[in-house]
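Throughout, residue positions are numbered sequentially from 1 according to the sequence presented. Just so it is clear, the values below take in all heavy atoms, side chains as well, and ignore hydrogens, waters and symmetry mates.
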Amino acid sequence: HSPESVEHLAAKRMLCTTKNISYIMPCLRCGVHMDVRIEGTPHEEKSFDIYRIDVAFTRDENVIGAVEVLHTHEIGPTKEAFLTSSGIAWCEARAHEIIDALTHKRPIKVETCAVKHCSSCAYEEERAKRNMHAYEKRMQRRKRMTAATWLHRFEARCKTCPLVDDIYPHVKEAYDK
(Lines give C-alpha, C1' and ligand atoms only; values in the text may rest on other atoms or scores of the structure.)
Protein backbone atom coordinates (compact mmCIF):
# COMPACT_ATOMS: atom_id res chain seq x y z
CA HIS A 1 0.00 0.00 0.00
CA SER A 2 1.05 3.59 -0.55
CA PRO A 3 1.52 5.83 2.54
CA GLU A 4 -1.79 7.52 1.68
CA SER A 5 -3.83 4.33 1.89
CA VAL A 6 -1.98 3.24 5.04
CA GLU A 7 -2.91 6.48 6.82
CA HIS A 8 -6.50 6.21 5.61
CA LEU A 9 -6.72 2.58 6.76
CA ALA A 10 -5.10 3.39 10.13
CA ALA A 11 -7.60 6.20 10.76
CA LYS A 12 -10.56 3.94 9.95
CA ARG A 13 -9.20 1.17 12.15
CA MET A 14 -8.68 3.58 15.06
CA LEU A 15 -12.25 4.86 14.71
CA CYS A 16 -13.49 1.27 14.96
CA THR A 17 -11.35 0.25 17.94
CA THR A 18 -11.29 3.36 20.13
CA LYS A 19 -14.04 3.89 22.71
CA ASN A 20 -15.68 7.19 23.71
CA ILE A 21 -14.65 9.23 20.70
CA SER A 22 -15.78 12.85 20.59
CA TYR A 23 -15.92 15.16 17.59
CA ILE A 24 -16.02 18.95 17.37
CA MET A 25 -16.62 21.37 14.52
CA PRO A 26 -16.56 25.16 14.46
CA CYS A 27 -19.82 26.87 13.56
CA LEU A 28 -19.41 28.21 10.02
CA ARG A 29 -20.89 31.56 11.06
CA CYS A 30 -19.41 32.42 14.48
CA GLY A 31 -16.66 29.82 14.96
CA VAL A 32 -17.87 28.46 18.31
CA HIS A 33 -17.01 24.77 18.71
CA MET A 34 -20.01 22.45 18.47
CA ASP A 35 -20.10 18.88 19.67
CA VAL A 36 -20.88 16.40 16.91
CA ARG A 37 -22.53 13.27 18.31
CA ILE A 38 -22.21 10.01 16.43
CA GLU A 39 -23.45 6.94 18.25
CA GLY A 40 -23.73 3.25 17.46
CA THR A 41 -21.40 0.36 16.73
CA PRO A 42 -18.63 1.20 14.21
CA HIS A 43 -18.04 -0.87 11.05
CA GLU A 44 -15.37 -0.24 8.40
CA GLU A 45 -16.45 0.12 4.78
CA LYS A 46 -20.17 -0.49 5.03
CA SER A 47 -22.65 -0.04 2.21
CA PHE A 48 -25.35 2.57 2.71
CA ASP A 49 -27.77 2.87 -0.18
CA ILE A 50 -25.58 3.53 -3.26
CA TYR A 51 -22.54 4.64 -1.22
CA ARG A 52 -19.78 3.01 0.78
CA ILE A 53 -19.16 4.62 4.14
CA ASP A 54 -15.59 4.63 5.51
CA VAL A 55 -16.87 4.01 9.04
CA ALA A 56 -20.58 3.42 9.49
CA PHE A 57 -22.18 3.40 12.93
CA THR A 58 -25.12 1.03 13.32
CA ARG A 59 -27.85 0.16 15.76
CA ASP A 60 -29.90 -2.99 15.12
CA GLU A 61 -28.17 -3.40 11.72
CA ASN A 62 -29.37 0.08 10.61
CA VAL A 63 -26.86 2.80 9.76
CA ILE A 64 -27.43 5.71 12.14
CA GLY A 65 -24.10 7.52 11.73
CA ALA A 66 -21.05 7.83 9.51
CA VAL A 67 -17.51 9.15 9.55
CA GLU A 68 -15.85 9.78 6.23
CA VAL A 69 -12.05 9.80 6.41
CA LEU A 70 -10.54 12.56 4.29
CA HIS A 71 -7.07 11.92 2.96
CA THR A 72 -6.82 12.96 -0.70
CA HIS A 73 -10.29 14.21 -1.65
CA GLU A 74 -13.48 15.35 0.03
CA ILE A 75 -16.73 13.40 -0.17
CA GLY A 76 -18.25 15.95 -2.56
CA PRO A 77 -21.56 17.80 -2.58
CA THR A 78 -23.68 14.90 -3.87
CA LYS A 79 -22.66 12.44 -1.17
CA GLU A 80 -22.78 15.22 1.44
CA ALA A 81 -26.36 16.09 0.44
CA PHE A 82 -27.32 12.41 0.47
CA LEU A 83 -25.91 11.81 3.96
CA THR A 84 -27.59 14.93 5.33
CA SER A 85 -30.97 14.18 3.73
CA SER A 86 -30.84 10.57 4.97
CA GLY A 87 -31.13 11.91 8.52
CA ILE A 88 -28.06 10.18 9.95
CA ALA A 89 -25.40 11.89 12.06
CA TRP A 90 -22.25 12.18 9.96
CA CYS A 91 -18.98 14.03 9.68
CA GLU A 92 -15.83 14.13 7.59
CA ALA A 93 -12.42 14.39 9.24
CA ARG A 94 -8.86 14.32 7.95
CA ALA A 95 -7.02 11.03 8.42
CA HIS A 96 -4.02 12.68 10.14
CA GLU A 97 -6.36 14.61 12.49
CA ILE A 98 -8.16 11.38 13.49
CA ILE A 99 -4.87 9.62 14.22
CA ASP A 100 -3.42 12.56 16.15
CA ALA A 101 -6.60 13.25 18.16
CA LEU A 102 -7.12 9.62 19.14
CA THR A 103 -3.43 9.16 19.97
CA HIS A 104 -3.53 12.20 22.28
CA LYS A 105 -7.05 11.45 23.61
CA ARG A 106 -8.66 14.68 22.49
CA PRO A 107 -11.74 15.44 20.39
CA ILE A 108 -11.43 15.02 16.63
CA LYS A 109 -11.76 18.31 14.75
CA VAL A 110 -13.99 17.61 11.77
CA GLU A 111 -13.94 19.39 8.41
CA THR A 112 -17.68 19.24 7.80
CA CYS A 113 -20.81 17.58 9.13
CA ALA A 114 -24.58 17.57 8.76
CA VAL A 115 -24.99 20.55 11.12
CA LYS A 116 -23.18 23.66 9.87
CA HIS A 117 -24.28 26.24 12.46
CA CYS A 118 -24.57 26.40 16.25
CA SER A 119 -28.10 26.78 17.63
CA SER A 120 -27.70 30.56 18.08
CA CYS A 121 -26.56 31.10 14.50
CA ALA A 122 -29.18 28.68 13.14
CA TYR A 123 -31.83 30.77 14.95
CA GLU A 124 -30.37 33.98 13.47
CA GLU A 125 -30.31 32.44 9.96
CA GLU A 126 -33.95 31.42 10.33
CA ARG A 127 -34.87 34.87 11.66
CA ALA A 128 -33.12 36.53 8.71
CA LYS A 129 -35.08 34.32 6.29
CA ARG A 130 -38.36 35.24 8.02
CA ASN A 131 -37.46 38.95 7.89
CA MET A 132 -36.63 38.69 4.17
CA HIS A 133 -39.94 36.95 3.51
CA ALA A 134 -41.82 39.69 5.40
CA TYR A 135 -39.90 42.37 3.46
CA GLU A 136 -40.79 40.71 0.14
CA LYS A 137 -44.48 40.61 1.14
CA ARG A 138 -44.37 44.33 2.05
CA MET A 139 -42.80 45.12 -1.34
CA GLN A 140 -45.54 43.13 -3.14
CA ARG A 141 -48.23 45.04 -1.21
CA ARG A 142 -46.53 48.33 -2.08
CA LYS A 143 -46.46 47.40 -5.79
CA ARG A 144 -50.15 46.47 -5.67
CA MET A 145 -50.99 49.76 -3.95
CA THR A 146 -48.99 51.70 -6.54
CA ALA A 147 -50.75 49.85 -9.35
CA ALA A 148 -54.15 50.48 -7.76
CA THR A 149 -53.38 54.19 -7.39
CA TRP A 150 -52.17 54.41 -10.98
CA LEU A 151 -55.27 52.57 -12.22
CA HIS A 152 -57.58 54.89 -10.33
CA ARG A 153 -55.87 58.01 -11.72
CA PHE A 154 -55.60 56.54 -15.21
CA GLU A 155 -59.28 55.51 -15.30
CA ALA A 156 -60.35 58.97 -14.10
CA ARG A 157 -58.34 60.77 -16.81
CA CYS A 158 -58.42 58.48 -19.83
CA LYS A 159 -61.77 56.79 -20.16
CA THR A 160 -61.58 57.25 -23.92
CA CYS A 161 -57.81 56.88 -24.39
CA PRO A 162 -56.90 54.11 -26.91
CA LEU A 163 -53.97 53.00 -24.69
CA VAL A 164 -56.41 51.93 -21.98
CA ASP A 165 -57.26 48.79 -23.92
CA ASP A 166 -53.55 47.84 -24.18
CA ILE A 167 -52.21 48.84 -20.75
CA TYR A 168 -55.18 48.46 -18.44
CA PRO A 169 -55.42 44.61 -18.47
CA HIS A 170 -51.72 44.22 -17.54
CA VAL A 171 -51.85 46.72 -14.70
CA LYS A 172 -55.17 45.32 -13.47
CA GLU A 173 -53.65 41.81 -13.44
CA ALA A 174 -50.72 43.06 -11.29
CA TYR A 175 -53.19 44.86 -8.99
CA ASP A 176 -55.40 41.79 -8.53
CA LYS A 177 -52.56 39.48 -7.46
Side-chain angles (χ1 to χ4, degrees), residues 4 7-8 10-145 177:
E4 172 184 315
E7 188 175 30
H8 191 261
K12 291 191 299 183
R13 185 71 37 90
M14 289 179 81
L15 286 169
C16 288
T17 58
T18 306
K19 302 289 183 209
N20 301 320
I21 299 173
S22 59
Y23 308 87
I24 56 172
M25 181 177 150
C27 169
L28 296 181
R29 189 167 184 216
C30 71
V32 71
H33 282 246
M34 306 179 294
D35 290 326
V36 179
R37 297 195 186 277
I38 301 178
E39 299 175 349
T41 305
H43 302 276
E44 275 186 62
E45 294 293 327
K46 185 157 178 72
S47 291
F48 184 56
D49 201 295
I50 62 170
Y51 293 102
R52 278 202 82 63
I53 306 294
D54 285 335
V55 179
F57 291 80
T58 63
R59 181 177 300 133
D60 300 326
E61 299 298 317
N62 297 315
V63 175
I64 60 168
V67 176
E68 287 293 328
V69 178
L70 169 58
H71 188 67
T72 57
H73 62 279
E74 297 170 340
I75 63 172
T78 305
K79 189 172 184 180
E80 184 175 326
F82 169 77
L83 291 172
T84 300
S85 67
S86 70
I88 66 170
W90 69 271
C91 68
E92 182 175 40
R94 295 192 178 277
H96 65 83
E97 168 60 21
I98 293 168
I99 294 167
D100 187 61
L102 296 180
T103 301
H104 294 97
K105 299 183 183 342
R106 65 171 173 77
I108 297 169
K109 295 175 188 162
V110 303
E111 296 294 313
T112 190
C113 69
V115 179
K116 308 289 188 205
H117 300 99
C118 68
S119 57
S120 296
C121 290
Y123 172 78
E124 287 300 319
E125 292 277 325
E126 200 53 44
R127 195 176 105 197
K129 284 180 189 174
R130 283 193 309 271
N131 288 345
M132 181 55 77
H133 183 68
Y135 171 78
E136 288 169 352
K137 282 188 158 242
R138 282 194 311 273
M139 296 311 321
Q140 287 173 349
R141 280 195 305 272
R142 184 173 288 161
K143 284 179 183 177
R144 285 194 304 269
M145 288 173 56
K177 286 185 181 176

* **Residue pair His133, Arg130: steps toward the side-chain contact (heavy atoms from CB on, under 4.5 Å) verdict** => CA-CA 5 Å; His133 183 68; Arg130 283 193 309 271; 5.6 Å; no
Minimum heavy-atom separation for [X] and [Y], please, with both atom names.
X	Y	result
Cys30	Cys118	SG-SG, 3.8 Å
Val115	Met34	O-CE, 3.6 Å
Ala95	His71	CB-ND1, 3.9 Å
Val63	Ser47	CG2-O, 4.4 Å
Ile64	Gly40	CD1-CA, 4.0 Å
Trp90	Val36	O-CG1, 4.5 Å

Any [X] side-chain heavy atom under 4.5 Å of [Y] side chain:
X	Y	answer
Ile50	Phe82	no
Arg127	Glu124	yes
Ser86	Phe48	yes
Lys129	Glu126	yes
Arg142	Met139	yes
Cys91	Ile38	yes

As an exercise, state the distance from [atom1] of [X] to [atom2] of [Y], rounded to the nearest 0.5 Å.
X	Y	atom1	atom2	result
Thr58	Lys46	OG1	NZ	6.0 Å
Leu83	Ile53	CG	CD1	5.0 Å
Ile24	His33	CD1	NE2	5.0 Å
Glu74	Glu68	CD	CD	12.0 Å
Glu61	Thr41	CD	OG1	9.0 Å
Met145	Arg138	CE	CZ	13.0 Å

What donor-acceptor contacts under 3.5 angstrom involve side-chain atoms of residues 98-109, with partners at least two apart or in another chain?
residue	atom	partner	partner atom	Å
Asp100	OD1	His104	ND1	3.1
Asp100	OD2	Arg106	NH2	2.7
Thr103	OG1	Ile99	O	2.6
His104	ND1	Asp100	O	2.9
Arg106	NH1	Glu97	OE2	2.7
Arg106	NH2	Glu97	OE1	3.1
Arg106	NH2	Glu97	OE2	3.4

* To do: Could you note down all residue pairs passing salt bridge (Lys or Arg N to Asp or Glu O under 4.0 Å) where residues 12-39 supplies at least one of them, sequence neighbours left out?
  => Lys12-Glu45, Arg13-Glu44, Arg29-Glu125, Glu39-Arg59
* **Contact list for residues 82-93, test salt bridge (Lys or Arg N to Asp or Glu O under 4.0 Å), sequence neighbours left out** =>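 Not a single pair qualifies under salt bridge (Lys or Arg N to Asp or Glu O under 4.0 Å).
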* Derivation of the side-chain contact (heavy atoms from CB on, under 4.5 Å) call for Asp54 and Leu15 -> CA-CA 10 Å; Asp54 285 335; Leu15 286 169; over 6 Å; no
